[in-house]
Amino acid sequence: VHKKLIISRTCIDMNRQVYLCVAVAGLGGLVFGYDLGVIIGALPQMVKEYPLNSVEEGAVVGMASVGQVAGAIIGGMVADKKGRLAAMKLEAVAFCIGTLIMVLFKSSVMPLYIGRFVIGIAFALSMVSNVAWISEISTPDRRGSAISVYELCVTAGVLLALIMSALLSWRTAFWITVPLAVLHLLGAMTVPESPVWLLSVGRRSAAEETIAAVGGTSSHLAQCTIASGSGEYDGLGTWTVSIKCILIIQCLGLLTGGINIRIYSERIYEEVGIPSSTITVLAIILGVTKVLSTVAAVAYLDRFGRKIFYMVGITLLAISNMLIVIGGSVPNCYNGEGCKEEHCDLASHNCPSLCGECPTYSAVFVVAGCTLGFAAYQISFGPVNFAVGSELFPGQIRGRLLGGQIVAQAIFQLATASVFPVLKSSAGLPSPMLFHSLCCAAGLVFFTFFFVETSGKDPNSILAELQKLWGCEPSSSPIANQTDGDDTLSPHSKHTQNTSIARLNSNL
């Protein structure tokens with residue numbers, strides 16, 4: 001009984017370490033989401049205070065995207081050369097510096113540009129460092145859920161920012177970023193470094209101690225050894241197929257319509273004449289939908305795997321796009337079709353609710369489509385892209401390729417977000433949504449026939465499966481041998497656990 005109690009307390013200690021790691025990564029996501037959302041509520045106040053013209057207003061928002069590209073390049077290099085925690089600490093510092101520049105310097109609009117640029121760097125650092133670190137420190141059976149917690153906390157941060165922006169002045173709302181970032185910095189100082197990165201730089205003993213601390217096994221250590229890319233390294237050319245795969249996934253994530261529904265949901269609602277007061281309520285519903293969908297991904301991503309979530313999500317996105325196509329095609333009071341002028345004031349878009357000549361069900365289709373689109377994106381491309389991106393590549397280049405993934409996402413998002421309003425205004429709402437539906441069909445073909453399950457696999461195994469599936473020549477890079485062994489760690493790690501048990505025995 002005494003031994004069982006000691007072992008039980010040791011397991012509790014390990015679980016606490018796991019929860020601490022997830023909490024630190026989640027706090028990084030919370031800071032990211034808060035700074036992502038606070039600008040939405042703060043921007044109208046900024047416009048009144050300075051005031052800003054339309055070009056300056058766009059520059060304040062856009063400077064974060066410019067900084068994000070720079071941060072992805074910097075963050076990838078820092079994460080691979082100095083460690084995941086070094087990039088994480090740099091991210092927390094960047095959030096503090098960018099925020100302080102914006103709120104303390106009031107002489108002109110220039111501090112807003114500089115501050116947003118620095119915050120953009122922090123955005124990219126957050127995605128590179130937190131995602132790489134939590135994916136590498138988590139055991140294979142928890143990896144997907146742990147990464148999804150980061151996405152969930154990003155969503156929670158956005159909601160918190162919208163609430164604070166509504167209650168406080170924009171400077172006070174921005175100030176909240178500083179204590180959150182400081183807490184994240186302190187958390188990064190208390191958790192162990194990624195075992196994959198430690199192995200990639202030859203620090204095997206430290207890697208084994210980390211794995212022992214989180215309750216890992218010999219199979220976890222073997223997977224980390226393979227994922228670290230220890231040994232010979234043939235460069236990026238070896239991973240061409242994996243790089244193409246993640247780029248296609250990033251492209252599909254934007255072409256299938258989920259991002260445009262998230263960005264332009266309010267404009268889509270306006271297109272079918274939904275009043276602004278109702279749009280505010282619907283925005284809250286969309287936010288709750290996003291949180292609940294991410295919770296579902298956290299709970300079941302590791303159980304069912306990445307591939308099934310992609311396929312379910314892209315199918316639901318196709319349905320949501322078609323619902324919006326139907327809603328945008330049927331006549332309604334607000335576009336003047338099917339209305340009698342004696343009943344409806346077309347100039348002011350004012351139509352009596354009891355007007356029998358005016359169909360109003362178009363809004364129902366659009367609201368259903370947007371809500372389903374939010375849910376579909378959040379159970380597929382939202383969290384799963386992070387998980388797959390961290391599983392496709394070895395530790396030696398993972399940080400840089402996650403950075404490249406962020407740059408590609410920013411470029412694709414800029415392109416699709418710029419084309420959507422032009423296509424909508426010139427050809428009508430159904431046209432871009434129908435295009436997105438066709439892209440969903442193409443995406444479903446890709447995930448069915450040209451994508452493999454990545455959950456619980458090392459990068460080399462995934463690469464070999466993709467090469468076979470795509471009909472490519474096998475990589476010449478040697479694949480590290482994974483020892484089978486029993487479910488125990490090396491003698492060094494056993495000593496670490498025995499020391500912990502001895503300490504607990506002494507306390508008892």
Given Y150 and S126, is the side-chain hydrogen bond (donor to acceptor under 3.5 Å, both in side chains) satisfied, shown in steps?
CA-CA 10 Å; Y150 175 81; S126 177; 2.8 Å; yes
Measuring from [X]:[atom1] to [Y]:[atom2], what's the distance to the nearest 0.5 Å?
X    : Y    : atom1 : atom2 : result
L286 : T371 : CG    : OG1   : 5.0 Å
C21  : I137 : SG    : CD1   : 4.0 Å
L444 : C439 : CG    : SG    : 13.0 Å
I268 : M433 : CD1   : CE    : 5.0 Å
N260 : Y377 : CG    : OH    : 10.5 Å
I119 : T177 : CD1   : OG1   : 6.5 Å

Is there side-chain contact between [X] and [Y], with at least one heavy-atom pair below 4.5 Å?
X    : Y    : value
I121 : F95  : no
F365 : I324 : no
V366 : L323 : no
L469 : F449 : no
N130 : E91  : yes
C440 : N321 : yes
E391 : R306 : yes
F446 : I249 : yes

Could you walk me through whether Y34 and V158 pass the side-chain contact (heavy atoms from CB on, under 4.5 Å) test, one step at a time?
CA-CA 5 Å; Y34 186 86; V158 172; over 6 Å; no
Where is the tightest heavy-atom contact between [X] and [Y], given as atom of each residue plus distance?
X    : Y    : result
H436 : L254 : CE1-O, 4.0 Å
F374 : I261 : CE1-O, 3.7 Å
I379 : A297 : CA-CB, 4.4 Å
F309 : Y300 : CE1-O, 3.3 Å
S242 : L463 : OG-CD1, 3.6 Å
L392 : P459 : O-CB, 3.6 Å

Do [X] side-chain atoms and [Y] backbone N/O form a donor-acceptor pair below 3.5 Å?
X    : Y    : value
S461 : K457 : no
W470 : F450 : yes
W197 : D80  : yes
R84  : S129 : no
H184 : V24  : yes
T289 : I285 : yes

Presence of salt bridge, R203 and E193, under 4.0 angstrom
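No, no charged N to carboxylate O under 4.0 Å.
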E208 with R204: basic N within carboxylate O range, under 4.0 Å
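Yes, charged N to carboxylate O under 4.0 Å.
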Parallel, tilted or perpendicular for F451 and F447, by the 30°/60° rule?
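Plane angle over 60°, so perpendicular.
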Relative to each other, are the rings of Y310 and F381 parallel, tilted or perpendicular (30° and 60° limits)?
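The rings of Y310 and F381 sit tilted, inter-plane angle from 30° to 60°.
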Side chains of S293 and Q378: do they bring a donor and an acceptor to under 3.5 Å?
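No pair is found: no donor N or O on one side chain lies under 3.5 Å from an acceptor on the other.
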Going through the distances and angles, do M322 and L434 end up as a side-chain contact (heavy atoms from CB on, under 4.5 Å)?
CA-CA 7 Å; M322 290 309 300; L434 186 59; 4.1 Å; yes
Give the C-alpha distance, both sets of side-chain angles, the deciding distance and a yes or no for side-chain contact (heavy atoms from CB on, under 4.5 Å) between I246 and F393.
CA-CA 10 Å; I246 196 62; F393 307 107; 4.0 Å; yes
Please evaluate residues V452 and K307 with respect to the criterion side-chain contact (heavy atoms from CB on, under 4.5 Å), reporting the C-alpha separation (whole Å), side-chain torsions for both, the decisive distance (0.1 Å), and the verdict.
CA-CA 7 Å; V452 299; K307 186 171 182 175; over 6 Å; no
So for atom CE, which belongs to M311, do other residues, nucleotides or ligands contribute more than 12 heavy atoms lying within a distance under 6.0 Å?
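For M311, atom CE is crowded (more than 12 foreign heavy atoms under 6.0 Å).
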Any chance NZ of K82 has more than 12 other-residue heavy atoms, nucleotides or ligands included, within less than 6.0 Å?
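At most 12 heavy atoms, drawn from other residues, nucleotides or ligands, come within 6.0 Å of this atom.
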